[in-house]
Amino acid sequence: MTLQETLELQVKAAIKALFQSELKTVEFQATRKEFAGDVTVVVFPMLRVVKGNPAVIGEQVGQYLLDNVEVVKGFNVVKGFLNIEISDSYYLEFFQSIKDKSNFGFADQRDDTAIMVEYSSPNTNKPLHLGHVRNVLLGYSVAEILKASGKKVYKTQIINDRGIHICKSMLAWQRFGNGETPSSTGLKGDKLVGNYYVKFDQEYKSEIAKLVAQGQSEEEAKKNAPLLLEAQQMLIKWEAGDEDVVALWKKMNQWVYDGFDVTYKNIGVDFDTYYYESDTYLLGKEFVAEGLNSGVFFKKEDGSVWCDLTDDGLDEKIVLRSDGTAVYMTQDIGTAIQRIKDYPDVGGMVYTVGNEQDYHFKVLFLILKKLGFEWAKNLFHLSYGMVDLPSGKMKSREGTVVDADDLVQEMTDTAEEISNELGKLEDYSTDEKQTLYKTIGLGALKYYILKVDPKKRILFDPKESIDFQGNTGPFIQYTYARIQSILRKANVDENVTLSTVDVSLHDKEKQLIKQLELFPEVIQNAAEQHSPALIANYTYDLVKEFNSFYQNVSILGADSDEEKNFRVGLSKSVSQTIKNAFQLLGIGVPERM
RNA sequence: GGUCGCAUAGCUCAGCUGGAUAGAGCACCUGCCUUCUAAGCAGGCGGUCCUAGGUUCGAAUCCUAGUGCGAUCACCA
């Protein structure tokens, strides 16, 4: 039983004994620093059940707790707040119970029903950019957090590998590529293909300009440009299974996949399984046909198939074009169903997708419910805000994107510069240094993105580099490294331990233990809210508390061996917790920096 | 226009199911490296919590209306 659970029972007992009344809930909060005490009970809500002066009630309840609860060693009442002082031995015992747990905070898997988390839904016609980076970091972290909260998790992605946009880069390569390949040019495959996507757009625009000059309207020209017509032809050929087109499609997509793999590895994320739209859109069509039979969908005169959602306060939504081809919704229906077929233990899914698609997912989930899938009620759209540049939205075609690989490299370079200035790593080998720069640079980037509430948009200014001081990844990594340094020098005798009775904890020590105590609950909260930001903020608070302890209390120079060993152990637990928390954010921790 | 989201210090952000005098970091100013790593610590400066009503013993937090910004409402994805 946790301290709070114990106190809750006892407060209820107090109210029953003193006022013969039943209290449903008790409201707790951490005692503010300016008052004496550790835990505070708010008296005001009790006034609904017990009539009287809150200060007097507080006094009476406080006295009851003092008399009946061993760990309560004092109390004071300020206005309607009952501040309870907890004995140091309680905190010491708690610390003893967790100090050797390397997985402190993580719950055991206690649920056979798995959750599938989807993140990264790239188009295979251009490289990954900063927007994808937020998506990937968020999804990966939420997956790790769900695992740590006791869930079984599959990490997956959906790859948007078909459609007109893919044909555009294929066509441009065919037309202007002169047989270029990643190996002939030394370019990453995704970059190479992305160049031809841009090339298509340029050529397309100049064709439009030509047609406009010949007297066509802008609108006509956009539809009639030969390049676009050719791309559309190519799509039709693809859908018909034309050998040459399919071969080209396979070849170029493979270049892109190889490039993506490098980027994912670079960022440090992975997947358990992959889904391709080209594999699932047909299944979607099947279920549209089935839904048509069962009356979930209806067909319009032109042959297009729709779902009427007006009763649910939404509009009608198309699920199949009049020419019978699949739309986005069709393949998403197919993908969802395919996943449950492949992994029958999956009982719910999390889709990490930007908030521009809020409406799409609202509709998708509703349609899956209407189709009668039990698991449809456990679908969650992890909707996150866009990453914008000072100049506005990023646009691949116009080249105004922050490339993912470049970004990681820049962060690594910055870490190197700062490290060199500080000059603490003279004895490190080149390899060790490079690994460390990467850890720090990625730590800065990931923390910067994950510490903000997912639903808020991020304004990223490439000119103002990401900080390495204050509330940042490197600051937290630095604290970890500092603790490792102490552990290397500590030389403690495991047999010498602090007695749990008759000890007096330093205020900073107690604050640290209290902060550690919160970790398991923070993980549960973060899982429920799908928010890595809660983990980031918790870790920052823990580290700030530790640095204050470190700077104000001598660890290795403690008065006695018992005290020294305790402080070393406490530091070790803090570093273990930092490591565990950062693991949930996908951030590594260095032994030195 | 309908719907959804956001609005807190000069800037970037916390603020849990409503609770005490709204907190951090950056920037700016003051101190602290002969002591465990100064990517640090201690302190200072800085607020009509977008506005107006309402609910409540009590509102940054909940409700209503409005303002601003963004997204969305495609036989695009």
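In this entry the distance linking NZ of A:Lys455 with C1' of B:A7 reads 13 Å, nearest Å. In this structure, OH of A:Tyr550 is placed 13 Å from P of B:G40, rounded to the nearest angstrom. Per the geometry, CZ belonging to A:Phe361 stands 18 Å off P belonging to B:A71, to the nearest Å. Atom CE of A:Met46 is separated from atom C1' of B:C57 by 15 Å (rounded to the nearest Å).
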Between N or O atoms, less than 3.5 Å apart, protein on one side and nucleotides 24-26 of chain B on the other: list the pairs.
residue	atom	partner	partner atom	Å
B:A24	O2'	A:Tyr540	OH	2.8
B:G25	O2'	A:Asn471	N	3.2

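For A:Glu5, the CD atom is densely surrounded, since the number of other residues' heavy atoms within 6.0 Å is greater than 12.
When each of A:Asn83 and A:Phe549 is assigned the nucleotide of RNA chain B bearing its nearest heavy atom, the one mapping closer to the 5' terminus is A:Asn83. Taking the nucleotide of RNA chain B with the nearest heavy atom to each of A:Val327 and A:Arg457, the more 5' of the two is matched to A:Arg457.
Distance noted for atom C1' between B:C4 and B:G19: 31 Å (whole Å).
No hydrogens or angles were tested; on distance alone, nothing pairs the side chain of A:Ser548 with the base of B:A42 as donor and acceptor under 3.5 Å.
When all heavy atoms of A:Asp161 and A:Thr124 are compared, the pair lying nearest together is CA-OG1, 3.5 Å.
Distances from the side chain of A:Lys79 to the nucleotides B:C4, B:A77, B:U21 place B:U21 closest. Here B:A38 is the nucleotide among B:A38, B:G58, B:A74 with the atom lying nearest to any side-chain atom of A:Tyr478. Picking from B:A20, B:A77, B:G40 the nucleotide with the shortest atom distance to the side chain of A:Gln331 gives B:A77.
Side-chain contact between A:Trp238 and A:Ser278 is present, with at least one heavy-atom pair separated by less than 4.5 Å.
In this structure, B:U3 and B:A71 make a Watson-Crick or G-U wobble pair, each of the two defining distances being under 3.5 angstrom. When both distances must be under 3.5 Å, the Watson-Crick or G-U wobble mate of B:C32 is B:G40.
A:Arg321 has a side-chain polar atom (N or O) that falls below the 4.0 Å cut-off from OP1 or OP2 of B:A77. For B:C69, the OP1/OP2 oxygens have no side-chain nitrogen or oxygen of A:Lys393 closer than 4.0 Å. Residue A:Arg567 has no polar side-chain atom (N or O) positioned under 4.0 Å from OP1 or OP2 of B:C36. For the OP1/OP2 pair of B:A7 and a distance below 4.0 Å, the side-chain nitrogens and oxygens of A:Lys456 include at least one atom meeting the criterion. Distances shorter than 4.0 Å separate some side-chain N or O of A:Ser485 from OP1 or OP2 on B:U37.
In this structure, the aromatic ring of A:Phe475 is not positioned over the six-membered ring of the base of B:G40 within 5.5 Å between centres and 30° between planes.
Each of A:Phe365, A:Phe380, A:Tyr119, A:Tyr384 was scored for a ring-ring contact (aromatic ring centres under 6.0 Å, His included) with A:Tyr351, with one residue passing: A:Phe365.
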Determine all donor-acceptor pairs shorter than 3.5 Å in which one atom belongs to a side chain in residues 126-133 of chain A; sequence neighbours excluded.
residue	atom	partner	partner atom	Å
A:His129	ND1	A:Gly131	N	2.9
A:His132	ND1	A:His129	N	3.0

